[in-house]
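Since the structure comes first, as structure tokens, the remarks are kept for the end.
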Amino acid sequence: MKNNSWGGRVVYQIYPRSFNDSNGDGIGDINGITEKLDYLKDLGISALWLSSIYCSPMNDFGYDISDYYQIDPLFGNLNDFDNLLKQAHKHNIKILMDFVPNHTSVDHEWFKKSRSSKQNSKRDWYIWKKPKPNGGTPNNWLSQFGGSAWKFDEKTGEYYLHSFDVSQPDLNWRNPEVVEEITKMMRFWLKRGVDGFRVDVAYQLFKDPFFRDEPDNPEYKIDKNSQYNSLLHIYTVALPETLEMLKKLHDVIDEYEDRFMVCEIYTFLKEIVNLYHIVDRQSFAPFNFSFLSLPWIAQNHKRFIDEFDEMIGDNYFPTYVLGSHDFPRIVSKLGENQARTAALLQLTLRGIPFIYYGEELGMKNRDIPKEKVKDPIALHTPGTGFGRDPVRTPMQWDDSEYAGFSDAEPWLPLETEYRKRNVQTEKQNKTSFLNLYKSILKLRNTKTSLSNGKYIKYFCKNPDIFGYFRRNKLEETFILANFSKEAQETELPNSNWNILLSTGLDRVEKIEKSTLTLRPFEAVILGY
Ligand code: GLC
Ligand code: CA
């Protein structure tokens, strides 16, 4: 196995449209990111994942790519990108690009050719099917953005498959030319110096060759779930061919030094672990979104994390995520104090944490007035409350009119409380979210047990407290988190602990007794 530095890294996800606008058009861009590298370094992160910045008509804001080799002019150009890469590397910050292999935009040259005639050499690069004898869709598959996954194309009288927006036709991964072309594109960026990829929709590359109908989901609740969840996706998600292909794509990464690939998959523990074993490299990990769905109960977290860490084993790195450009902001979901504790856990667990921009400020969801809605999911399913604009609002740098994000009105409205929750004011407030993130990351970056120690289970007699040790040959740290809204007391194993950090940022002390009382929703890092 090649050496790699990723196990000790902390990744920060940037949604480029919303991070920092350098040229006053209300949309964040690459030079805007470069301007903020000092901020990122100071925060304590060591890698960035940039959501898609390739050429795109922006129906799905970059996840509908029309040219994989170019940067969209909204974000800048290849020179700006090379400059960002160079400056980031100077700061010892790696860069992961988004990588969208499941589909292109309808505006991509390949698709234009593919739809032009049944005889075109690119026809088979996408998934085309004849209508049913009654003219209906080829089968019952659903789009994740609502409605059928099939779109009839007048010109050639066939349907094409789109697992997402109609403007995002699925590529046909059973065609070797597609595989060849996409791996060529990966090498183009790897040679340019990018440090790897976050693979979009990684779990869905291959679809059932017989195009069978998917069965109903017996647990579907019409008022709670999106229409997509009314079916069980046994013929479109996690096919064995897909898992093999991820291994093959990872082999491309491994041709280069110290690169990394992280895959977007939504599945249960056993399948996540299975994927680690199939690819079997330290430079590979699937995302683990469990924090987004686990109920806020200490024992549920303990059960999941104990098992997850053990099943993955020391050879691979777990990942932990509290949010992304697709999910509600953690503070809005849990509440501020709970989110602080969740962050302390995320940043002190073994493995690679992914911080979504603004999480370090405690940014909240922002209700978007109807006339300002931009997300295609929200536009397709009005009135359902689905939609991702609320978590994509501009980064809050200061309390000025446009939050220091831009000189012009931003493409999405600012979060309503940005005047009190922004980088500038939080820097000055000793106990702010920002200072919590900085302090935890500082500890993580100086205490080797936190960055590379083993995860050691701990059985706490108080069921409201979840705890664990991080231990290597040199040192040990001990984490305790109170999930309840009441203060909770617990006995301590061993004596002489010091509180190195509390989520309140108001408690650094030597513990004289053999018990410790944690305040409501408080978490602490103990050490010697
Ligand atoms: C992934 C992205 C999401 C996008 C979708 C289609 O789930 O995270 O933002 O809309 O893929 O590419
Ligand atoms: Ca701009």
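Atoms within each ligand, like the ligands themselves, are counted from 1 in listed order.
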Vertex the Ca ion (ligand 2), ends D25/OD1 and I27/O: angle to nearest 10° comes to 80°

Please find out if the Ca ion (ligand 2) and some N, O or S atom of F75 are separated by less than 3.0 Å.
no

Go through the structure and list residues passing side-chain hydrogen bond (donor to acceptor under 3.5 Å, both in side chains) with D398, not counting sequence neighbours.
S400

In D29, the N, O or S atom nearest to the Ca ion (ligand 2) is which?
OD2

Can you see whether D254 engages S283 through a side-chain donor-acceptor pair at a distance of less than 3.5 angstrom?
yes

Only one of Y357, Y63, F354 forms a ring-ring contact (aromatic ring centres under 6.0 Å, His included) with H325, so which one is it?
Y63

Which N, O or S atom of D21 lies nearest to the Ca ion (ligand 2), by name:
OD1

Ring centre gap for Y126 and Y160 strictly below 6.0 Å
no

Centroid-centroid distance, F291 to H301, less than 6.0 Å:
yes

Heavy-atom donor-acceptor pair, S66 side chain to C55 backbone, under 3.5 Å:
yes

Of the backbone and side-chain N, O or S atoms of S406, does one lie nearer to the Ca ion (ligand 2) than 3.0 Å?
no

Are E415 and R329 ion-paired here, with the side-chain N under 4.0 Å from a carboxylate O?
no

Is the closest side-chain donor-acceptor distance between E271 and Y203 under 3.5 Å?
yes

Give the protein residues with at least one non-hydrogen atom closer than 4.0 Å to an atom of ligand 1, ordered by chain and number.
D60, Y63, H103, F145, F164, Q168, R198, D200, V201, E264, H325, D326, R388, R392

